[in-house]
Amino acid sequence: MRTIHVNKDSIKDILEDLLKRSPNNYGTYEASVEEIVNRVKEGGDAVLFEYAKKFDRAELTKENVAVTKEEIEKAYTLVDQEFISVIRKAIVNIRSYHEKQKKTSWFDSQPNGIMLGQKVTPLSCVGVYVPGGKASYPSTVLMNTIPAKVAGVPKIVMTTPAGADGKINPVTLVAANEAGADVIYKVGGAQAIAAMAYGTESIPKVDKIVGPGNIYVALAKKAVYGHVSIDSIAGPSEILVIADKTATPRFVASDLLSQAEHDEMASAILVTDSEELAKAVSDEIEAFTKTLPRKDIINKSLENYGYILVASSMDEVIDTANAIASEHLEIMTENPFEVMTKIQNAGAIFIGEYSSEPLGDYFAGPNHVLPTNGTAKFFSPLSVDDYMKKSSIIYYSREALEPVADDIIKFAEAESLTAHANSIRVRFNK
């Protein structure tokens, strides 16, 4: 893991390096994804099932593409009861946090005959994509489904790829049922995104697609955006730790590695004003890595996108963190809350030595779907707002409109929109 002293040039080089991980650089796959999306759009179920057989070796039909009640009941017998209890505890925390985000419609009536407001309405149908294969991602299920339930979305469709045996990982099924998914389909990849975007004979068209996936899924979401809404096109995972001499090197190192193990493109960065801490963390990382099962992935990740950055002051540390705008940002300093107030760009901020990143991934409550690749400068975590839409409400009585009619007409005429002006004028012409 490289140790670099912070200056303008080094930060510029690091930012350029990190941006190589952006989904915008997946261009070599776009033609393949576009073909899949267009074929599903035109061919519906027949093409969808063809791709399921080709990519997942799953034999799907109209009769078995949807998960049945019996399959969900069977899943409960295959999942450890203690883990089901953990899922339910996490759901309580996640729901409680997101319920505080929910907004309601509002109206402001004035005595002169004007009423203005905003009508807040949940989306009618949302599609949740969950990666599958041999792995299971119950936390992804919860984080993408529960905010939709809190928002009041009446239909939540989930897609996740089946194995060659035509079955879904039982942990995924239990999590989906507990979170409130209405129907689960056994399809994955770019073809599942296309199916939800355009609809097939078996899978309904949705209003919005959320959830992570591989390069093909990310590009498929990008391709269908506009036909449906999407949450984001997420890049590889990343963590940045701000630490000073008071931090525990072992904690810092373990948290950096918690993200480096995701994949070879994950990024793990320490920014500190302490040379001593930088050296100690580097030593701890070397020791930890030797014992971790995913050490090959970790080593590649740290080699590609791992940095220990040494700054001359805490102000420079904070400036560096704001420039990088990491998905996950941990603060392990003597006064972490003071540092937090100076952070402008981060997806999620973890404060103090005992608020490690996995706490947010699984259990605390805030959403773990976060902006990556520097987009925390202008994007926010997934929230209840992402599952709702807003309509402006405007009401003027004749008595309220008449005093401002000439003002509106002047605006319209200034833009040479005479029909606009006429729309106001006719209401007062005799």
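Since this is a predicted model, take the numbers as computed values, not measurements. The figures that follow rest on heavy atoms only: side chains count, while hydrogens, waters and symmetry mates do not. Numbers for residues simply follow the sequence, beginning at 1.
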In chain order, what residues pass the ring pair (Phe, Tyr, Trp, His ring centres under 6.0 Å) check against [X], with sequence neighbours excluded?
X      : result
Tyr225 : none
Phe337 : none
Tyr307 : none
Phe350 : none

Pairs satisfying salt bridge (charged side-chain N to carboxylate O under 4.0 Å, His left out), at least one member in residues 69-86, at least two apart: Glu71-Lys186
Contact list for residues 38-54, test salt bridge (charged side-chain N to carboxylate O under 4.0 Å, His left out), sequence neighbours left out: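 For residues 38-54: Arg39-Glu50, Lys53-Glu59.
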Kindly write out the residues that satisfy side chain to side chain contact (heavy atoms under 4.5 Å, CB included) with [X], not counting sequence neighbours, or none if the list is empty.
X      : answer
Ala220 : Val33, Val37, Ala190, Ile193
Glu16  : Lys12, Asp13
Arg88  : Tyr76, Ile84, Glu178
Asn38  : Glu34

Side chain to side chain donor-acceptor pair (under 3.5 Å) involving Asn304 - partner list, sequence neighbours excluded: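 So Asn304 forms no side chain to side chain donor-acceptor pair (under 3.5 Å) with any residue.
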Under the salt bridge (Lys or Arg N to Asp or Glu O under 4.0 Å) test, residues paired with Lys377 that sit two or more places apart: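 Salt bridge (Lys or Arg N to Asp or Glu O under 4.0 Å) check on Lys377 returns nothing, list empty.
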